[in-house]
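The first residue in the sequence is number 1, and the count goes up from there. Both counts, for ligands and for their atoms, begin at 1 and track the order of listing.
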Amino acid sequence: MKASIVACWPWRERRKGYCNLPFNWPSFLQLYPSSHPHCPRSLAIISPLPLLPISNQFSKNLISISFDAPFRNVLFSTTRNQQMANAWSAFLSIYSSSNLVIPTPPPGIYMHSLVSSPMLMDPNPPFFTTYKALLDSQPHSSDIDQTVIAEECELPIIDLNCLNGKHHEEQCKRDVKVAASEWGFFQVVNHGISNSILDRLREVQFDVFRQPFQKKASEKLLDFSPENYRWGTPRPTSLKQLSWSEAYHVPLPPSTDVTKASPRHIIEEFSTAMLRLAHQLVGILAEGLGGYDGTYIKENCTRNTCYLRLNRYPPCPVKTGVFGLIPHTDSSFLTIVRQDQVGGLQLMKDGRWITVKPNLDALIVNIGDLFQAWSNGVYKSVEHRVMSNPQLERFSVAYFLCPSYDTVIRSYAEPAIYTKFSFGEYKQQVQEDVRRTGHKVGLSRFLAQSA
Ligand SMILES: O=C(O)CCC(=O)C(=O)O
Ligand SMILES: [Fe+2]
């Protein structure tokens, strides 16, 4: 099949007016089928920002390229943080055999199809318009300046295959325990979640997040409801509270009859595999506390009490630094994350932010607040955040191992650092704190008197 892309230089908002940036194409090309009579197979419409400035200059930046499909996955995995020349030559080498044409497209026509409904087509939430006052009033937040590079590191990696061999099994379990108590974070490889299911879920993620924002916010799309759609931060009072991302919170109710290969089916298959993995890790972690088998957690965290979050982090061209996801701890027992190759996840270690180097073979596991409470502080629920990326969009999926709201969390040991609380009480307290102060206080709200 012949396909064509219409490309345009991305735009970045400056404090005064707009300027265009070097070309870095995978970051901003958004694919849509076009029904325009002059380019029936055109697939890309550009929407780097909702506030795309429309000017004469715009048409000069248009180019048109024809190439053979498939194009979809390549677009989002070729280059990372590279300048125009690199990105462009990577593109050319991939498609060198396909007749590349760079004619001047009929700009008027493209312009017309581009500008006639940019807002309706745009998949990105209206960050600029919604947070304009905040962005204008707080020109610089040095705390989250993108130029401050956090050290990149390999998290401890645990090869779960080792659990099958007698020789390494005990060492492997010890490694899990040490990572959970010293880092609160680790990676697992040979985790048993097949690439096929990970890829299919990623496709679903692409498909749903590529829909226009207006639709995501108002319609049921591919089994995803608008009630479960979130974006940005409800009422940020400073840039530090602003998350430049969108997400679907996916509850996992009892399985119904779902069509095979439907998004819901893929989600169910994925979450079943994730629950198995989470329970396996709980078993190891509980055993690490001295002979417990983790039955209490496993019995209370079942497939219907857990949930998934599909995250998308659109490129964030705000230079002054805005988070993709603000610093937080997870309220779960455990969270298992699959991140893509873009990177940006950081965690707090010994008082410093550390960037987790992406590893597509690994899943990232982090201890949540409930495990910290149950383990009486042995395992650490560590603060983490996602940095935004000025050029690249990023996807991740997080599986949260949680109990039902009426489950009571108490420490496995005495004297307990935290008072006992139900998960419902905990969530309510978190919500109240966020509403009142703009941030989560978390476990320190539940410290026992004597602690
Ligand atoms: O996107 C990521 O890498 C992390 C997401 C995360 O921390 C969360 O959803 O709680
Ligand atoms: Fe998180």
For [X], atoms of ligand 1 separated by under 4.0 Å from a heavy atom:
X      : value
Tyr313 : 1 (O), 2 (C), 5 (C)
His384 : 7 (O)
Asn311 : 1 (O), 5 (C), 9 (O)
Phe400 : 8 (C), 9 (O), 10 (O)

Whether the [X] and [Y] side chains hold a donor-acceptor pair (N or O, under 3.5 Å, no angle test) is what I'd like checked.
X      : Y      : answer
Gln241 : Thr237 : yes
Thr329 : Lys440 : yes
Tyr426 : Asp369 : yes
Asp293 : Thr295 : yes

For this session: Among all protein heavy atoms, pick out the one at the shortest distance from atom 6 (C) of ligand 1; state its residue, atom name and that distance to 0.1 Å.
Result: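 Result for atom 6 (C) of ligand 1: Leu325 CD2, 3.5 Å.
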Exercise. For atom 10 (O) of ligand 1, what's the nearest protein heavy atom and its distance?
Worked result: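 Here the closest protein heavy atom is Arg309 NH2, 2.9 Å.
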Exercise. With a 4.0 Å heavy-atom cut-off (strictly under), which part of Ile364 contacts ligand 1: side chain, backbone, both or neither?
Worked result: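 Contact part for Ile364 vs ligand 1: neither.
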Problem set entry | His328 NE2 and Asp330 OD1 subtending at the Fe ion (ligand 2) (10° steps) |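 Nearest ten degrees: 90°.
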Problem set entry | Thr305 side chain to Cys301 backbone, donor-acceptor under 3.5 Å |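 Answer holds: no.
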For this session: Could you tell me whether Lys298 atom NZ has more than 12 heavy atoms of other residues or ligands within 6.0 Å of it?
Result: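 More than 12 within 6.0 Å, yes.
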For this session: For Tyr418 and Phe446, run ring pair (Phe, Tyr, Trp, His ring centres under 6.0 Å): C-alpha distance rounded to whole Å, both residues' side-chain angles, the deciding distance at 0.1 Å, then the answer.
Result: CA-CA 5 Å; Tyr418 306 103; Phe446 294 88; 8.5 Å; no
Exercise. Below 4.0 Å from any atom of ligand 1, is there a heavy atom belonging to Arg394?
Worked result: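 Per 4.0 Å heavy-atom rule, Arg394 contacts ligand 1.
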